[in-house]
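Okay, structure first, notes after.
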Amino acid sequence: EDSICKDIAHNFYPISIIDKESIYNKCTKIKIDAILSIASDVAVPTISYVANKMGLVANSDESALISTNKLLMRSGFKRVGLPTPFYFSVSESTYFDDKLKLSFPLIVKPTDRSGSRGVSLSNSLEELMKNIEKAVFQSFKKEAIIEEYIEGKEYSIESISQNGEHTVLAITEKITSGSPYFVELEHHQPAALTKELKNQIEATVKKGLDALEIRNGASHSEIKINEKGIYLIEIGGRMGGDFIGSHLVQLSTGYD
């Protein structure tokens with residue numbers, strides 16, 4: 001109820017964005033034409049639920065689930081042969097023995113959060129256990145994913161899709177704070193890339209979008225590139241946050 005944005009919204013309702021049924025009931029009364037999220041992954045399942053019940057354009061409920069759970073997302077990428085880091089999932093009850101040969105450094109993330117929340121780098125088993133606890137605490141489902149840490153340059157890709165046809169709008173080079181929390185500090189758009197590399201990135205992202213069944217709307221993909229190739233890290237079925245989708249794309253391309 002104390003939202004800082006309520007005074008600039010045309011209509012404001014203090015409803016949790018994960019309360020699908022309440023939002024659906026409100027949307028049917030308002031008779032909305034469309035529903036979307038600018039930068040929140042958490043809202044994506046609600047969007048699909050409401051839109052599909054109202055007969056509006058949206059991705060499937062299954063797509064919303066896959067694109068907001070990092071473990072399901074990794075499995076989807078792996079299934080279609082996209083280069084993806086080594087990974088496995090953990091929970092509060094997980095413990096490690098000598099049979100599991102861990103190679104550090106490792107990245108720990110909540111399976112169902114975004115915006116780098118709960119993400120950290122571990123260089124030892126002691127750090128790993130502490131970071132798992134932090135990530136599980138941040139997770140809605142109390143699950144975390146542990147991934148091989150990929151060195152390389154980091155980029156994000158903004159796309160828009162219609163009926164399964166994907167158009168890349170912009171590629172952004174990212175500068176982060178690095179270990180341990182990888183907070184984004186700078187965005188350079190358009191990224192300085194050769195035409196060949198740009199085409200390779202676009203092909204990888206489009207294959208990833210198909211794997212997650214993202215057929216309509218905006219998407220925000222994150223990749224890393226090193227001497228071994230392009231690694232698809234994550235895809236969100238929504239616009240990029242940190243002013244990328246709302247401001248930077250228009251400033252660098254001329255298109256809103």
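- Residues F88 and I145 do not share a hydrophobic cluster, defined by chaining ILVMFWY side chains whose heavy atoms lie under 4.5 Å apart.
- When all heavy atoms of M239 and A218 are compared, the pair lying nearest together is CG-CB, 3.7 Å.
- Listed for the E147 side chain is no donor-acceptor partner under 3.5 Å among the backbone atoms of L106.
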**Request:** List the steps, then state whether side chain to side chain contact (heavy atoms under 4.5 Å, CB included) holds for N59 with E213.
**Result:** CA-CA 7 Å; N59 294 309; E213 300 177 26; over 6 Å; no
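- For S161 and R215, the side-chain atoms include no donor-acceptor pair closer than 3.5 Å.
- Electrostatic pairing of K53 and E21 counts as a salt bridge here, judged by a charged N lying under 4.0 Å from a carboxylate O.
- Remark: Q162 CD is loosely packed, at most 12 non-hydrogen atoms of other residues, nucleotides or ligands lying under 6.0 Å away.
- Put simply, the side chain of I244 reaches to within 4.5 Å of the side chain of E158, judged on heavy atoms.
- Checking side-chain atoms of N226 against main-chain N and O of E151 turns up a donor-acceptor pair under 3.5 Å.
- Looking only at distances, a side-chain donor or acceptor of E148 sits under 3.5 Å from a matching main-chain atom of F86.
- Two residues are said to be in side-chain contact when any heavy atoms from C-beta on lie closer than 4.5 Å; L36 and R238 fail this criterion.
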**Asked** Does the pair I17 and S40 meet the rule for a side chain to side chain contact (heavy atoms under 4.5 Å, CB included), with working shown?
**Response** CA-CA 9 Å; I17 58 174; S40 172; 3.7 Å; yes
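- Expressed to the nearest 0.5 Å, how far OH of Y87 lies from NZ of K78 amounts to 5.0 Å.
- Chaining together hydrophobic side chains whose heavy atoms lie under 4.5 Å apart places Y24 alongside Y13, I15, I23, I30, I32, I35, I47, Y49, V50, M54, L56.
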**Message:** Could you go through K198 and E196, starting from their C-alpha distance and side-chain angles, then the distance that decides it, and tell me whether this counts as side chain to side chain contact (heavy atoms under 4.5 Å, CB included)?
**Reply:** CA-CA 5 Å; K198 183 173 178 288; E196 181 184 8; over 6 Å; no
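- Residue S159 comes nearest to V168 through the heavy atom pair OG-CG2, 3.8 Å, listed as atom of the first residue, atom of the second, then distance.
- Using modelled atom types and a 3.5 Å distance limit, the side chains of S139 and D112 yield a donor-acceptor pair.
- Using a distance-only test at 3.5 Å, with no hydrogens or angles considered, no donor-acceptor pair links the side chain of N216 to the main chain of S60.
- The CG atom of D41 sits 8.0 Å away from the CD atom of E234 when rounded to the nearest 0.5 Å.
- The shortest heavy-atom contact between A191 and T172 is CB-C, 4.2 Å.
- Atoms NZ and NZ, from K29 and K31 in turn, are 12.5 Å apart once rounded to the nearest 0.5 Å.
- Partners of N131 under the side chain to side chain donor-acceptor pair (under 3.5 Å) rule, at least two apart in sequence or in another chain, are S120, S122.
- Two residues are said to be in side-chain contact when any heavy atoms from C-beta on lie closer than 4.5 Å; I146 and I107 fail this criterion.
- For R113 (side chain) and Q138 (main-chain N/O), a donor-acceptor pair under 3.5 Å exists by modelled atom type.
- Formation of a donor-acceptor pair under 3.5 Å by the S177 side chain with backbone atoms of V183 is found in this model.
- Side-chain atoms of S63 come within 3.5 Å of backbone N or O of L212 as a donor-acceptor pair.
- The shortest heavy-atom contact between G240 and H220 is CA-ND1, 3.3 Å.
- Atom OG1 of T194 is separated from atom CG of L197 by 4.5 Å, given to the nearest 0.5 angstrom.
- A donor-acceptor contact closer than 3.5 angstrom links the side chains of S252 and Q189.
- A donor-acceptor contact shorter than 3.5 Å is absent between the side chain of K153 and the backbone of I225.
- Hydrophobic clustering (side-chain heavy atoms under 4.5 Å, transitive across Ile, Leu, Val, Met, Phe, Trp, Tyr) keeps L248 apart from V205.
- Within the 4.5 Å cutoff, the side chain of S67 has heavy atoms near those of the V44 side chain.
- Within a 6.0 Å sphere centred on CD1 of I18, other residues, nucleotides and ligands contribute 12 heavy atoms or fewer.
- Side-chain contact, S16 with D19: no donor N or O sits under 3.5 Å from an acceptor N or O.
- Cation-pi geometry between K207 and F77 is not satisfied (NZ or CZ under 6.0 Å from the ring centre, within 45° of the ring normal).
- The minimum heavy-atom distance between A170 and V249, with the atom names listed, is CB-CG2, 4.3 Å.
- Transitive grouping of hydrophobic side chains (ILVMFWY, heavy atoms separated by less than 4.5 Å) brings I230 and I235 into a common cluster.
- Partners of K174 under the side chain to side chain donor-acceptor pair (under 3.5 Å) rule, at least two apart in sequence or in another chain, are E184, E222.
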**Request:** Please lay out, stage by stage, how I157 and L169 fare under the test side chain to side chain contact (heavy atoms under 4.5 Å, CB included).
**Result:** CA-CA 8 Å; I157 298 87; L169 306 176; over 6 Å; no
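- With a 4.5 Å cut-off on side-chain heavy atoms, L71 and N69 count as touching.
- Hydrophobic clustering of Ile, Leu, Val, Met, Phe, Trp and Tyr side chains at less than 4.5 Å, counting indirect connections, keeps M73 apart from V108.
- With hydrogens and angles disregarded, a donor-acceptor distance shorter than 3.5 Å links the side chain of T28 to the backbone of N25.
- Side-chain atoms of E143 and V90, non-hydrogen and from C-beta on, never get closer than 4.5 Å to each other.
- At a threshold of 4.5 Å between side-chain heavy atoms, the hydrophobic network of Ile, Leu, Val, Met, Phe, Trp and Tyr places L128 and F137 in two separate groups.
- P83 has its side chain out of reach of L232: every pair of non-hydrogen atoms, C-beta onward, lies at least 4.5 Å apart.
- The line from CD of E165 to NZ of K206 is 8.0 Å long, rounded to the nearest 0.5 Å.
- Between H187 and E173, the side chains place no donor N or O within less than 3.5 Å of an acceptor N or O (distance only, hydrogens not considered).
- For F12, the CZ atom is densely surrounded, since the number of other residues' heavy atoms within 6.0 Å is greater than 12.
- Taking each heavy atom of A135 and G118 in turn, the nearest pair found is CB-O, 3.7 Å.
- If you take CG on L185 and CG on D242, they are separated by 10.0 Å, rounding to the nearest 0.5 Å.
- Formation of a donor-acceptor pair under 3.5 Å by the K141 side chain with backbone atoms of T111 is not found in this model.
- Between E133 and M129, every side-chain heavy-atom pair lies at or beyond the 4.5 Å cut-off.
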